[in-house]
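Excluded from the calculations below are hydrogen atoms, water molecules and symmetry mates; all remaining heavy atoms, backbone and side chain alike, are included.
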Amino acid sequence: MLRKIAIVAAVFITLSAGAFFQSAIAATTPEFTPCRIGARPASVPAECASITVSFTHGLSPTEPPSENKSIPQTITLSVAKIPARGNQAATDPVTLLAGGPGQSATDTWPQIQSAFYPVLANRDVYLIDQRGTGNSERMDCPTTHTELTNDIEEAGKASAQCYASQSLATEWFTTSVAVRDLDAVREALGIEQWNLYGVSYGTRVALHYLKRFPEHTRSVIVDAVVAPQKPIGPEIPLHSQRSLQALFDRCKNDHGCADAFPDLQEKTDTLFSSLKDNPRTVEFENLSLGALDSMEFSDQHLAGTVRLLSYSAYGAAILPSMLHDAATNNNLAPFARQTAMQISQLEGAMATGMHSAVICTEDAPFIESIADREQLKKTYLGDSIIDAMIATCEQWPAGVIDNDFHQPVVSDIPVLALSGDADPITPPEYATLAIQSLSNARHIVNAHQGHTQAPLGCIPTVMSQFIDSADPKNLLIECLERLSPPALFIDANGPLP
């Protein structure tokens with residue numbers, strides 16, 4: 001069966017009534033009941049509740065709201081609680097803010113829960129599905145699977161269909177509204193202060209919550225930091241190219257990799273050029289279908305797959321052998337299979353409508369003026385990501401955005417920033433920029449690591465130390481000297497002994 005699989009090109013990277021409503025809901029503590037969260041078979045036990053908050057919080061978008069969309073008084077958010085293991089939990093719990101934008105906190109938890117094992121010794125963890133995700137009025141698209149393509153016309157059509165399928169006014173599904181939801185949930189739970197952990201896009205939510213509600217923020221951990229000053233999109237190709245170049249350099253300096261894959265960078269450049277001029281029909285074993293499948297594989301499929309593999313040090317470890325095999329032996333099946341797997345995984349992981357509601361308010365309006373098209377065209381991703389975002393957002397109205405949204409956060413609240421120096425989308429310099437105006441912050445950078453640091457090595461213990469002490473300056477981090485990336489594979493069997 002010949003099937004054209006489209007590659008992800010967008011970023012997978014805009015009061016008075018609300019005040020009375022929040023006071024009313026805070027009077028009744030929500031009842032939590034046993035549940036399971038996350039997709040089976042990886043679901044885990046938790047305690048779940050629903051909390052109703054104001055839909056608008058008295059906020060208005062910069063333009064009149066769209067027609068034919070509902071603006072109800074309230075919206076119900078899905079909240080899960082992971083109880084502390086100890087007999088008496090501290091009064092200042094932790095809340096996890098998921099990435100995307102468009103990922104669900106409850107769905108994210110099973111993949112990252114090991115990072116919070118030390119924290120759970122004496123603190124509860126709350127998982128709040130941000131409005132538009134998970135079970136909080138998830139804003140999905142009517143298509144059967146996620147399909148974003150470099151075909152700008154098709155990207156625009158898919159976006160228009162997605163927007164038309166939404167029944168609620170999308171202008172109120174942005175970060176500026178989400179942080180007010182988060183504080184309304186805090187009040188309903190009777191919590192005086194949160195300890196926030198945000199990952200990727202969730203760092204944007206965490207930092208904006210700190211800006212709006214410093215009195216209710218005890219500490220903040222931001223992992224793979226999105227600096228408030230930086231719209232996401234125009235620099236992704238540059239960071240992705242830098243990450244790939246660092247991998248090439250690492251291979252040259254690794255005896256086994258350099259001997260196995262001489263001239264890897266030059267061969268990879270040739271492979272991209274060849275596929276751009278001549279996409280190839282590739283047959284591969286589709287593991288999700290359990291059968292042979294085929295696809296028309298282009299340079300854009302290769303680019304998207306390389307980029308997503310680079311998010312993880314484990315994915316990066318297998319890239320040299322995959323690129324060499326594809327360039328030298330014309331074996332594109334592993335890349336085609338990986339592309340199919342990535343698209344399948346993205347289908348359920350991302351609420352595409354909420355993703356668009358956020359980026360079309362907070363990122364797309366600012367990217368064209370700062371995008372260096374000539375520099376982007378020199379990268380393996382090119383500048384099509386800019387055109388894809390613009391085409392997507394032509395269909396979506398700008399939503400609610402605070403006037404100071406892209407201004408630095410100024411605070412003395414304790415903040416711990418975590419970065420990997422091989423991160424292809426949120427490099428360490430983003431965290432450095434974000435904490436310049438945070439007087440009580442510390443930045444930890446892990447060598448050769450990608451996107452998301454929390455589960456790595458002794459980072460869970462470091463995070464627990466930080467939350468317990470609320471002191472970033474005196475953390476014991478010598479254990480991080482033993483943190484190293486996985487060795488580079490020289491073939492499908494793994495690295496050298």
With a cut-off of under 6.0 Å to the ring centre and 45° to the axis, is Lys69 in cation-pi contact with Tyr163? yes
Ring geometry between Tyr430 and His239 (parallel below 30°, tilted from 30 to 60°, perpendicular above 60°): perpendicular
Nearest heavy-atom pair of Arg180 and Leu59: which atoms, and what distance? CD-CD1, 3.3 Å
Verdict with reasoning, Arg131 to Trp172, per side-chain contact (heavy atoms from CB on, under 4.5 Å): CA-CA 9 Å; Arg131 62 166 66 192; Trp172 281 272; 3.7 Å; yes
Using only heavy-atom distances, determine whether the side chains of Asp223 and His451 contain a donor-acceptor pair under 3.5 Å. no
Would you name the heavy atoms of Ala80 and Phe32 that are closest together and state the gap between them? C-CE2, 4.4 Å
Decide, yes or no, whether a salt bridge links Lys473 with Asp471 under the criterion of side-chain N to carboxylate O below 4.0 Å. no
Closer than 4.0 angstrom, basic N to acidic O: yes or no for Lys211 and Asp402? no
Under 4.0 Å between a Lys/Arg side-chain N and an Asp/Glu carboxylate O for Asp363 and Arg204? yes
If you measure only the distance, is there a donor-acceptor pair under 3.5 Å linking the side chains of Asp423 and Thr426? yes
Only residue of Ile459, Asp421, Leu418 satisfying side chain to side chain contact (heavy atoms under 4.5 Å, CB included) with Asn446 is Ile459
Geometric cation-pi criterion Arg186 and Phe213, 6.0 Å radius, 45° cone: no
Start with the C-alpha gap between Phe116 and Trp109, add the side-chain angles, then the distance that decides, and say whether ring pair (Phe, Tyr, Trp, His ring centres under 6.0 Å) holds. CA-CA 10 Å; Phe116 292 87; Trp109 176 252; 5.4 Å; yes
Measure the shortest side-chain to side-chain distance between Glu137 and Leu77 over non-hydrogen atoms and say whether it is less than 4.5 angstrom. no
Looking only at non-hydrogen atoms, find the nearest pair between Pro486 and Ala313 and report the distance. CG-O, 3.5 Å
Apply side-chain contact (heavy atoms from CB on, under 4.5 Å) to residues Gln73 and Ser54 and explain how you reach the verdict. CA-CA 6 Å; Gln73 285 190 322; Ser54 169; over 6 Å; no
Yes or no on side-chain hydrogen bond (donor to acceptor under 3.5 Å, both in side chains) for Gln193 and Thr217, after CA distance, side-chain angles and deciding distance? CA-CA 5 Å; Gln193 288 187 320; Thr217 307; over 6 Å; no
Which heavy atom of Ala49 sits nearest a heavy atom of Pro30, and at what distance? CB-CB, 4.2 Å
So Gln103 and Asp107, side-chain hydrogen bond (donor to acceptor under 3.5 Å, both in side chains) or not? Walk me through it. CA-CA 8 Å; Gln103 291 181 315; Asp107 287 346; over 6 Å; no
Write down the atom of Leu210, the atom of Ser411, and the distance for their closest heavy-atom approach. CD1-OG, 3.7 Å
If we count only N and O atoms by modelled type, under 3.5 Å, do the side chains of Glu362 and Thr175 hold a donor and an acceptor together? yes
Consider only side-chain N and O atoms of Thr339 and Thr305, and report whether a donor and an acceptor are under 3.5 Å apart. yes
Quick check for you: to the nearest 0.5 Å, what is the distance between Ser176 atom OG and Tyr209 atom OH? 14.5 Å
Electrostatic pair Asp404:Arg212 at N-O distance under 4.0 angstrom: yes
Check the pair Ser310, Ser243 against side-chain hydrogen bond (donor to acceptor under 3.5 Å, both in side chains), reporting the backbone distance first and the verdict last. CA-CA 7 Å; Ser310 300; Ser243 179; 4.6 Å; no
No-hydrogen, no-angle side-chain donor-acceptor test under 3.5 Å, Asp129 and Thr106: yes
Are any side-chain N or O atoms of Ser356 and backbone N or O atoms of Thr352, one a donor and one an acceptor, separated by less than 3.5 Å? yes
Which atoms form the tightest heavy-atom contact between Trp194 and Leu182, and what is the distance? NE1-O, 3.7 Å
Applying side-chain hydrogen bond (donor to acceptor under 3.5 Å, both in side chains), run through Ser219 and Asn195 and close with a yes or a no. CA-CA 5 Å; Ser219 72; Asn195 296 286; 2.6 Å; yes
Side-chain donor-acceptor pair present, Tyr380, Gln245, cut-off under 3.5 Å: no
Just wondering, are more than 12 heavy atoms of other shown residues or ligands nearer than 6.0 Å to CD in Glu31? no
Under a 3.5 Å threshold, yes or no: a donor from one side chain and an acceptor from the other, between Thr76 and Thr52? yes
